[in-house]
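Here is the structure we will look at.
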Amino acid sequence: MNDLTPPPPALGCRTSPVLKQRGQREVFCGLTGIIWLHRKIQDAFFLVVGSRTCAHLLQSAAGVMIFAEPRFGTAILEEGDLAGLNDAHKELDREVARLLSRRPDIRQLFLVGSCPSEVIKLDLSRAAERLTKEFAPKVRVLEYSGSGIETTFTQGEDACLASMVPVLPETDARELLVVGALPDVVEDQMLGLLDDMGIGPVRVLPARNIDAEMGIGKNTVYALTQPFLSDTHAALERRGAKHIQAPFPLGEEGTTAWLAAVAKEFGVDRALFDRVTEAPRRRARQAVAAAAETLNGKTVFFFPDSQLEIPLARFLARECGMTPLEVGSPYIHDALHGPDLDLLPEGPQISEGQDVDLQLERCRELRPDLTVCGLGLANPLEAEGLSTKWAIELVFTPVHFYEQAGDLAALFARPIRRKSTLNHGES
Ligand code: SF4
């Protein structure tokens, strides 16, 4: 099905020199992932073992969310814990017992490490083991780190999913596992397309609840929908599952290439593939074209933030006519990002990691039409007359697969249109 999408460029970016930077970085920590994960995994509770700062981050990132029964919280480490005066394990056990007795709906509990828990070397894996013994089989207790020392922004989801892989049961069944948290409506669209092609059984990780979970084994094949899942990918490979490499399903081309790779693995014939995808592909192309009028011929600069940067640059270059000047990503992993790098035409500086001052200098010198960056950098750059797009919006907005391709292009077009409206207003 290689002729389904435009040919790759004569020279892509997979072998381009990568500028590796290891300086100060300006990104959220992995706790942020709880904001979308707690909605996705409906019987889970995320207990952050952290400080008041962590609690504030969660509350403000989550916005004003009043739940009758919230599904995340913070076990606050007080000064006595940090100074090693109290037995933090005992206090944690007490908090967990109190929580689980009040909330019989919780079936999975994630203990989430933070900078403070890491600094005092609180061993959460030991705590999770101990608590699992105490509360199994009713509740499964797992742990992962969302600390800003170890993780950036989207790595929280990766760490969470990776913590689930080793405890999933063994199976010999040949099943497709789709990995990555997608909004339910997008997940349902994706499952509908796969079902129409006769591909199945299909499982998703994370499952919406523990009873819908799947087994893993040598006959499991998996496709990732998010480019930031390198630890989960490694954990699945350790269980013997096979990765279907593909560009990520962002934009019409990315979605078609992703579906084609899965369809090939399951021997779907070309006529059926075309029949299932033809109408949504046409709709996606039309929707992207409307926003691409604003984007065509414009330049874009990506600061490293969500790890979505490489597939997004590929989408903007190939479907919207933009020219990426620099594409920064916190981490680049060949097995995950290689297929998108192959399609990204050579030219942009590819950078991994961050030294924020040096990168700001490069951005100011290039003066791109659009800069994609974190919240902390966006305001100063706007004040300097640059148009910006908040990277975090790209994670919180449904952007994957065909029906969202137009919205994805529109997210980038909006700041450019706004700037041009303001400029006209001034003249
Ligand atoms: Fe801040 Fe670290 Fe807590 Fe994240 S985990 S909110 S970076 S203290």
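One-based numbering, in listed order, for ligands and for the atoms of each. What you see below is based on every heavy atom in this structure, not just the backbone, and it leaves out hydrogens, waters and symmetry mates.
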Q. At their closest point, which heavy atom of L19 faces which heavy atom of Q349, and how far apart are they?
A.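 Result for this residue pair: CB-NE2, 3.4 Å.
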Q.
Looking at every non-hydrogen atom in both residues, tell me the closest pair between P330 and D305 and how far apart they are.
A.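 P330 and D305 have their closest heavy atoms at CG-O, 3.5 Å.
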Should you measure from each heavy atom of [X], which atoms of ligand 1 turn up under 4.0 Å away?
X    : result
C29  : 4 (Fe), 5 (S), 6 (S), 7 (S)
S114 : 5 (S)
C115 : 2 (Fe), 5 (S), 7 (S), 8 (S)

Q) For atom 1 (Fe) of ligand 1, what is the nearest protein heavy atom, given as residue, atom name and distance? A) T53 CG2, 4.0 Å
Q: Verify the distance test for C54 against atom 4 (Fe) of ligand 1: any N/O/S atom under 2.8 Å, yes or no.
A: no
Q. With a 4.0 Å cut-off, would you call E187 and K40 a salt bridge?
A. yes
Q. When the ring planes of F110 and F46 are compared, do they come out parallel, tilted or perpendicular, using 30° and 60° as the limits?
A.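 Parallel: the ring planes of F110 and F46 meet at under 30°.
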Q: Dump the intermediate steps for salt bridge (Lys or Arg N to Asp or Glu O under 4.0 Å) on E237 and K242, then the final yes or no.
A: CA-CA 7 Å; E237 293 219 311; K242 178 185 158 199; over 6 Å; no
